[in-house]
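Source: prediction; values computed, not measured.
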Amino acid sequence: MNTKIQRLSGTIAAQSSAQGASGVAVIRVSGPSVKTIIKKTIKTELKHMKAELTPFYGQNGTALDRVIALFFRSPNSYTGEDVLEISCHGSTAVVDEVLRSLYQHGARPANAGEFTRRAFLNDKLDLTQAEAVADLIESTSIEVARAAKNSLEGAFSKKVFSILDSLVELR
């Protein structure tokens with residue numbers, strides 16, 4: 001594990017989709033306790049990058065909702081850690097109960113931007129790409145969204161590193 005990531009503690013969980021009632025809500029969980037949380041809330045073994053329609057078990061052990069669960073094994077995830085993504089029905093009651101269950105089983109609420117911070121600290125994104133995530137989320141025009149997408153894909157970083165290599169060579 002990258003030494004920078006060791007400064008982060010615990011397993012985090014948060015709603016990744018927009019807040020408020022909707023047809024579907026996406027909840028992300030990342031960190032060392034993901035496999036334990038899967039055993040307690042999904043109660044089935046999930047394969048890497050294979051979506052599974054399954055019950056999600058709430059705090060009292062009864063099925064709360066049928067969800068689509070998607071597991072990403074470290075290091076092949078957005079954060080570089082084990083990650084669980086849960087797509088559940090988007091009522092605020094269901095989302096709140098899913099999050100409460102995740103917190104009961106060892107996750108803690110993620111801070112704003114913490115998934116992307118972990119991706120950066122685990123060398124999944126460089127700083128420009130991490131900033132592009134925020135730009136893409138906050139974009140209000142298609143032009144800004146396209147520019148952020150290009151930065152996220154590394155276009156800006158490649159140009160900067162190319163210039164840096166040229167300067168080193170020139171020196």
Check: residues 31-54 side-chain donor-acceptor pairs under 3.5 Å, at least two apart:
residue: Ser33; atom: OG; partner: Thr11; partner atom: OG1; Å: 3.4
residue: Thr41; atom: OG1; partner: Ile37; partner atom: O; Å: 2.7
residue: His48; atom: ND1; partner: Arg73; partner atom: N; Å: 2.9

Less than 4.5 Å apart, side chain to side chain, heavy atoms only: is that true for [X] and [Y]?
| X | Y | result |
| --- | --- | --- |
| Asp82 | Ser30 | no |
| Tyr103 | Pro109 | yes |
| Val95 | Ile27 | yes |
| Phe115 | Val29 | no |
| Lys124 | Glu81 | no |

By the salt bridge (Lys or Arg N to Asp or Glu O under 4.0 Å) test, which pairs, at least two apart or in different chains, include something from residues 10-21?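 Matches after skipping sequence neighbours: none remain.
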Could you give all pairs that pass the salt bridge (Lys or Arg N to Asp or Glu O under 4.0 Å) test and reach residues 18-29, with sequence neighbours left out?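 Residue pairs passing salt bridge (Lys or Arg N to Asp or Glu O under 4.0 Å), neighbours aside: Arg28-Glu85.
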Begin with the C-alpha distance, continue with both residues' side-chain angles, and end with the deciding distance and a verdict on side-chain contact (heavy atoms from CB on, under 4.5 Å) for Ser101 and Leu64. CA-CA 10 Å; Ser101 184; Leu64 170 66; 5.9 Å; no
With Pro55 via side chain to side chain contact (heavy atoms under 4.5 Å, CB included) - residues at least two apart: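 Once residues adjacent in sequence are excluded, the partners of Pro55 under the side chain to side chain contact (heavy atoms under 4.5 Å, CB included) criterion are Tyr57, Ala63.
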Partner residues of Asn60 under the side chain to side chain contact (heavy atoms under 4.5 Å, CB included) criterion, sequence neighbours left out: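 For Asn60 the side chain to side chain contact (heavy atoms under 4.5 Å, CB included) partners, ignoring immediate neighbours, are Thr62.
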Are Val94 and Leu102 in one and the same hydrophobic cluster, where Ile, Leu, Val, Met, Phe, Trp and Tyr link if side-chain heavy atoms are under 4.5 Å apart?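 Yes; tracing contacts between hydrophobic side chains, which count when under 4.5 Å, links both residues.
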Decide whether Val83 and Leu70 are clustered together by the hydrophobic rule: side chain heavy atoms of Ile, Leu, Val, Met, Phe, Trp, Tyr closer than 4.5 Å, transitively.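 Linked, Val83 and Leu70 end up in one cluster.
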Could you verify whether a donor N or O on one side chain and an acceptor N or O on the other, from Tyr78 and Thr116, lie under 3.5 Å apart?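 Thr116 and Tyr78 do have a side-chain donor-acceptor pair below 3.5 Å.
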Under the side-chain hydrogen bond (donor to acceptor under 3.5 Å, both in side chains) rule, collect the residues that match up with His89, sequence neighbours excluded.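 Once residues adjacent in sequence are excluded, the partners of His89 under the side-chain hydrogen bond (donor to acceptor under 3.5 Å, both in side chains) criterion are Asp65.
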Pairing residues for Ser74 by the side-chain hydrogen bond (donor to acceptor under 3.5 Å, both in side chains) criterion, not counting sequence neighbours: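 Here no residue qualifies.
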What distance do Ile86 atom CD1 and Phe56 atom CZ have between them, rounded to the nearest 0.5 Å?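 Between Ile86 CD1 and Phe56 CZ, I get 4.5 Å after rounding to 0.5 Å.
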Can you name the salt bridge (charged side-chain N to carboxylate O under 4.0 Å, His left out) partners of Arg66, sequence neighbours left out?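 Listed in chain order: nothing, the list is empty.
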Sequence neighbours excluded and cut-off under 3.5 Å, please list the side-chain donor-acceptor pairs for residues 12-22, or say none.
residue: Gln15; atom: NE2; partner: Ser17; partner atom: OG; Å: 3.4
residue: Gln15; atom: NE2; partner: Ala18; partner atom: O; Å: 2.9
residue: Ser17; atom: OG; partner: Val26; partner atom: N; Å: 2.9
residue: Ser22; atom: OG; partner: Val24; partner atom: O; Å: 2.8

Show your working on side-chain contact (heavy atoms from CB on, under 4.5 Å) between Gln104 and Arg100 and close with a plain yes or no. CA-CA 6 Å; Gln104 177 191 21; Arg100 269 193 290 276; over 6 Å; no
